[in-house]
Structures are given as structure tokens and as C-alpha cells.
Amino acid sequence: ETRGNMKIQLKFANSPYPVNLRVSGMGLLMPDGDLFDMDKFRELRESAGASIVTDSPDEVCNALGVPLNEAGIITVK
């Protein structure tokens, strides 16, 4: 199962620097290994205009436990 080439980037409204996330068995992980969960995403979306840009929205939504139409999850090819 090769999922290492998925694009999952956390972007902030006021920053040109995205944060690369990765899928693990527990959900999404930050580069330092900290868990990035639904609550953290929704909090950052509201407070900092955060969005997740991905070519695998189904994997991201499944990992976060959110619906496929969750606001702030942007699909790219």
C-alpha cells in the first residue's frame, strides 16, 4: 500500500508556507509527529483561515472523521 506520495498540505490565509501532513493509523500527523485532528483543523480554520489542499480528499476526510463536503478541504489534481 503506497500512500507516501499523497499531497496533503495545511495552508494558512496569511502565510505562503504550507505544512505537509501525512496519514497514519490514528489520523493525520504533523511533521513533528503530533496528531492533527478534526478539532484542531476546525479551530485553525476559524481562527487562522486554515485549509487543507489535497489530491486525496477521501483519505483526508476519513482520517479526520469529517464528511467529504467539510469546509476548508480543497481538492487538487
Side-chain angles (χ1 to χ4, degrees):
E1 150 174 0
T2 57
R3 301 207 191 293
N5 59 355
M6 271 193 293
K7 175 180 177 158
I8 308 172
Q9 292 185 324
L10 178 65
K11 295 191 173 186
F12 295 93
N14 296 324
S15 172
Y17 304 107
V19 175
N20 291 309
L21 303 174
R22 67 185 195 274
V23 173
S24 82
M26 303 177 302
L28 294 181
L29 293 181
M30 301 287 286
D32 61 5
D34 280 357
L35 187 62
F36 186 79
D37 60 15
M38 170 180 58
D39 292 335
K40 194 175 288 189
F41 173 57
R42 288 177 173 168
E43 179 184 322
L44 289 173
R45 185 181 65 205
E46 298 306 315
S47 66
S51 60
I52 294 176
V53 177
T54 181
D55 60 3
S56 305
D58 49 342
E59 294 273 351
V60 169
C61 291
N62 188 46
L64 286 176
V66 299
L68 274 172
N69 61 353
E70 179 78 9
I73 297 179
I74 300 161
T75 303
V76 295
K77 290 297 175 206

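As the structure is a computational prediction, the values presented were derived from the model and not from experiment.
The two residues L68 and C61 have their closest heavy-atom pair at CA-SG, 3.7 Å. Here the closest non-hydrogen pair linking P18 and Q9 is CG-NE2, 3.8 Å. Residues M30 and R22 share a closest heavy-atom pair of O-NH1, 3.4 Å. Shortest non-hydrogen contact noted between A50 and R45 is O-CG, 3.4 Å.
In this structure, the separation between CD1 on I73 and CD1 on I52 is 5.0 Å, given to the nearest 0.5 Å. Going from atom CD of E46 over to atom CZ of F41 covers 9.0 Å, rounded to the nearest 0.5 Å. Atom OG1 of T75 and atom NZ of K7 lie 11.5 Å apart (nearest 0.5 Å). Taking CG of L10 as the reference point, atom CG of N20 lies at 9.5 Å (rounded to 0.5 Å).
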**Q.** Trace of the side chain to side chain contact (heavy atoms under 4.5 Å, CB included) decision for V66 with R42
**A.** CA-CA 10 Å; V66 299; R42 288 177 173 168; 3.8 Å; yes
Q: Dump the intermediate steps for side chain to side chain contact (heavy atoms under 4.5 Å, CB included) on L28 and V23, then the final yes or no.
A: CA-CA 5 Å; L28 294 181; V23 173; 3.6 Å; yes
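In the displayed structure, D32 atom CG is contacted under 6.0 Å by more than 12 heavy atoms of other residues, nucleotides or ligands.
By the 4.5 Å heavy-atom criterion applied to side chains, V19 and P31 are counted as neighbours.
In the hydrophobic clustering of this structure, V53 does not group with L64; members are Ile, Leu, Val, Met, Phe, Trp, Tyr whose side-chain heavy atoms approach within less than 4.5 Å, directly or through other members. The hydrophobic cluster containing I74 does not contain F36, counting ILVMFWY residues as joined when their side-chain heavy atoms lie under 4.5 angstrom apart, directly or transitively.
Cluster partners of M26 are L29, L35, counting Ile, Leu, Val, Met, Phe, Trp and Tyr whose side-chain heavy atoms approach within less than 4.5 Å, directly or via other members.
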